[in-house]
Amino acid sequence: MLASINTTLSGLALVLLASSTLAKVHEGVPLHPREVARAKAMEKRLANWGAASADATATTQPGATATVAGASATITAAATGTAFAEPSGVVAAGASCASSYTGGTMITGTGTLPKPTSFVKRQNSISQNLVLDGSAFKIVGPNIYWLCQDENVAPVGYYTSKTRVREALAIAVAMGATTIRALSCGISVGSEYSLLQSLNNYAAAGAEQWDIHDYVVYAAGQYGLRILMTLTDNYQYYTGGRYDFLTFRGLSTANFGSLFYTNKAPIVDYRVYIKTLMNHVNPYNGLAWNEDPTIIGWETGNELGGYIGAQGQAPCAIKHRENGIDSLIHRFQAWQQAISFAIKQNSPHQLVFCGDDGFYNYTTKAVSTGLNLRTFDVMSDHGYPRNVALLESEDAIIQALVRPKPFLIGEYDWTNSFGGDSLVDYLAYIEGEGNHYVGDMIWNVMGHDDTCCNYVQHNDGYSMYYPFGNNNDALSANILAVVQHWYRVTGRTVPSQLLSVQCPQPAF
């Protein structure tokens with residue numbers, strides 16, 4: 001009975017998430033292209049879920065045995081210290097393992113990159129460059145949004161297994177990454193698996209909710225990678241986000257949740273969340289998160305304001321120039337100041353990233369107020385679709401500032417499926433002489449299941465199954481193009497073929 005309930009609830013979560021987003025699509029509400037693709041992918045997953053749930057006889061929770069289409073896996077809650085047991089992957093009966101690629105140099109564990117011991121910094125307050133120990137530093141690497149809590153393996157939002165974590169980090173190293181961005185590691189609100197489960201109800205220190213987050217930060221450091229921590233989400237996804245801070249207080253979520261930016265109570269709650277995360281001590285290395293150079297910085301949110309600022313005045317964080325006169329949206333600018341200052345106050349050695357969905361609306365010509373706040377170290381945008389002309393405009397805007405800021409492309413489409421400029425042209429522009437980018441990060445890498453047999457699927461159309469799991473020659477060429485680009489911009493020898501990754505990686 002418990003298994004049936006848990007399986008049903010996992011599917012119900014998908015139903016609610018997909019239906020709410022698709023309703024907006026059908027109503028013509030402007031949504032982020034990736035949000036639309038993700039919701040449509042969920043529709044397909046729901047059909048498969050209905051059949052699979054009928055066969056499920058247990059749930060993948062500690063102490064349970066799960067059977068899906070004849071496959072079984074047992075999870076125990078036994079743990080030593082804070083190293084909680086890892087769930088095993090569930091593989092459909094009769095499934096064949098993916099072929100193993102062994103080309104190029106193989107990543108067989110940690111040691112390829114030096115472990116972080118110093119903080120990445122801005123070169124100075126008016127520089128667009130980042131430095132590490134006096135040398136230029138580029139933020140390049142994949143988004144791995146599911147790295148702490150996953151939605152692609154039931155139950156939705158459960159802790160990602162450490163086997164999968166290690167393989168994903170090794171993939172990032174093979175790709176030439178210096179940094180990863182993992183939304184589910186900083187955004188964890190509103191469920192029993194979350195760091196913040198309800199109003200002022202945080203998981204206890206040492207609890208399993210903290211363990212996976214601590215392990216990911218620790219493991220990233222062991223692999224020599226930095227991690228960009230995003231603090232909330234603009235959308236109502238399984239990890240939670242800014243809407244939860246409203247529902248915790250019984251506040252209205254109307255007008256795209258604008259009260260999150262203007263009502264004192266959720267602002268205070270969000271600042272407590274920030275302080276709690278940043279001062280948390282990681283038992284794996286004994287460092288508070290705000291003292292760990294593995295964490296390169298903190299992002300105020302993911303795509304705040306929505307696609308091209310479609311979500312109304314408060315979330316847009318814009319300064320609109322009309323007839324030569326600047327009119328400020330003061331309340332949201334006040335939110336930007338309060339939150340960026342809270343991050344600086346709690347994490348003075350780490351960078352602060354503006355979490356707006358870009359800083360220039362090419363339709364209204366509005367620009368973000370975050371551009372002029374000294375508490376923001378890095379501005380960012382997401383490339384959906386790839387648009388070189390937009391990059392040119394944004395680069396010009398930043399160059400015109402009295403205090404120019406570094407510019408990160410925090411996500412972009414690496415595929416051939418959604419239009420826009422070619423990947424080759426997009427990467428060439430980023431690398432072009434005179435451009436001022438501190439890096440770029442693709443969306444989104446997926447790895448294998450715990451058996452290293454099959455890729456865990458996330459069918460939003462943007463998933464990269466490194467190295468050749470996309471089964472498409474054109475996409476394989478794109479993966480190589482991204483990898484070679486990252487090696488070039490970081491000044492390393494460019495590989496002629498993709499590096500391989502041992503799976504599983506050695507445990508630690």
Side-chain angles (χ1 to χ4, degrees), residues 2-18 42 45 49 53 56 58-64 66 73-79 82-90 144-165 168 182-219 227 229-233 235-245 247-248 269 273 276-277 280 282-284 289 302 449-450 456 458:
L2 176 63
S4 176
I5 292 172
N6 276 283
T7 305
T8 302
L9 290 175
S10 295
L12 182 59
L14 293 176
V15 172
L16 294 174
L17 186 58
M42 285 179 184
R45 288 173 59 195
W49 169 81
S53 63
T59 180
T60 52
Q61 298 235 29
T74 300
I75 301 170
T76 65
T82 59
F84 290 87
E86 303 177 21
S88 301
V90 179
I144 316 175
Y145 81 91
W146 49 270
L147 200 59
C148 285
Q149 295 175 238
D150 197 5
E151 63 175 330
N152 303 291
V153 176
V156 172
Y158 196 63
Y159 321 117
T160 306
S161 78
K162 293 167 187 172
T163 298
R164 291 179 60 210
V165 167
L183 296 181
S184 64
C185 293
I187 307 169
S188 184
V189 181
S191 81
E192 62 182 304
Y193 309 123
S194 299
L195 299 178
L196 174 59
Q197 298 168 15
S198 57
L199 181 63
N200 298 323
N201 180 25
Y202 287 87
E208 60 182 352
Q209 289 90 343
W210 282 106
D211 180 71
I212 186 58
H213 297 260
D214 286 325
Y215 183 80
V216 167
V217 173
Y218 170 71
I227 181 168
M229 299 284 268
T230 307
L231 288 162
T232 195
D233 205 331
Y235 312 111
Q236 293 173 294
Y237 286 159
Y238 74 100
T239 49
R242 63 186 183 88
Y243 286 93
D244 291 284
F245 289 93
T247 57
F248 288 166
D269 294 338
Y273 180 79
T276 302
L277 265 61
H280 168 74
N282 188 336
Y284 285 97
W289 282 7
N302 176 56
D449 57 30
D450 280 349
V456 174
H458 179 66

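Small disclaimer: the values here were computed from a predicted structure and weren't measured. Only this structure's heavy atoms are used, side chains among them; waters, hydrogens and symmetry mates stay out.
- Using a 4.5 Å heavy-atom threshold, the side chains of Leu195 and Val189 count as separate.
- One distance of note links CG of Asp269 with CG of Asp244; it measures 11.5 Å at 0.5 Å rounding.
- Residues that satisfy the side chain to side chain donor-acceptor pair (under 3.5 Å) test with Ser198, not counting sequence neighbours, are Asn201.
- Annotation: side chain to side chain donor-acceptor pair (under 3.5 Å) contacts of Ser194 (sequence neighbours excluded): Ser191.
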Exercise for the section: Evaluate side chain to side chain contact (heavy atoms under 4.5 Å, CB included) for Ser188 paired with Gln209, printing each intermediate quantity in order. Expected result: CA-CA 9 Å; Ser188 184; Gln209 289 90 343; over 6 Å; no
Exercise for the section: Determine, stepwise, if the pair Lys162 / Asp211 fulfils side chain to side chain contact (heavy atoms under 4.5 Å, CB included). Expected result: CA-CA 10 Å; Lys162 293 167 187 172; Asp211 180 71; 2.8 Å; yes
Problem - Chi angles and distances behind the side chain to side chain contact (heavy atoms under 4.5 Å, CB included) call for Thr239, Leu183 - result: CA-CA 8 Å; Thr239 49; Leu183 296 181; 5.8 Å; no
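- Expressed to the nearest 0.5 Å, how far CD1 of Ile187 lies from CG of Leu196 amounts to 13.0 Å.
- In this structure, CG on Asn200 lies 9.5 Å from CZ on Phe248, to the nearest 0.5 angstrom.
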Practice task
Check the pair Tyr243, Tyr235 against ring pair (Phe, Tyr, Trp, His ring centres under 6.0 Å), reporting the backbone distance first and the verdict last.
Solution key: CA-CA 8 Å; Tyr243 286 93; Tyr235 312 111; 8.9 Å; no
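- In this structure, Asn302 and Thr232 have side chains that are not in contact, with every pair of non-hydrogen atoms separated by 4.5 Å or more.
- Atom SG of residue Cys185 and atom CG of residue Leu231 lie 12.0 Å apart, to the nearest 0.5 angstrom.
- Qualifying side chain to side chain donor-acceptor pair (under 3.5 Å) partners for Ser184, counting only residues two or more places apart in sequence or in other chains: none.
- Partners of Thr230 by side chain to side chain donor-acceptor pair (under 3.5 Å), not counting sequence neighbours, listed by chain and number: Glu299.
- Taking the side chain to side chain contact (heavy atoms under 4.5 Å, CB included) definition, one finds that Asn282 meets it with Asp214, Val217, Tyr218, Tyr284, Asn285, Trp289, sequence neighbours left out.
- Looking at Asp150, Asp449, Asp450 one by one, the single match for salt bridge (Lys or Arg N to Asp or Glu O under 4.0 Å) with Arg164 turns out to be Asp150.
- For Glu151 and Tyr145, the side-chain atoms include at least one donor-acceptor pair closer than 3.5 Å.
- For Asp233 against Gly240, the heavy-atom pair with the smallest separation is CB-O, 3.7 Å.
- Distance check: Ile212 CD1 to Thr160 OG1 gives 5.5 Å after rounding to the nearest 0.5 Å.
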Practice task
Give the C-alpha distance, both sets of side-chain angles, the deciding distance and a yes or no for side chain to side chain contact (heavy atoms under 4.5 Å, CB included) between Trp146 and His458.
Solution key: CA-CA 10 Å; Trp146 49 270; His458 179 66; over 6 Å; no
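- Side chain of Tyr238 to backbone of Gln149: a donor-acceptor contact under 3.5 angstrom is found.
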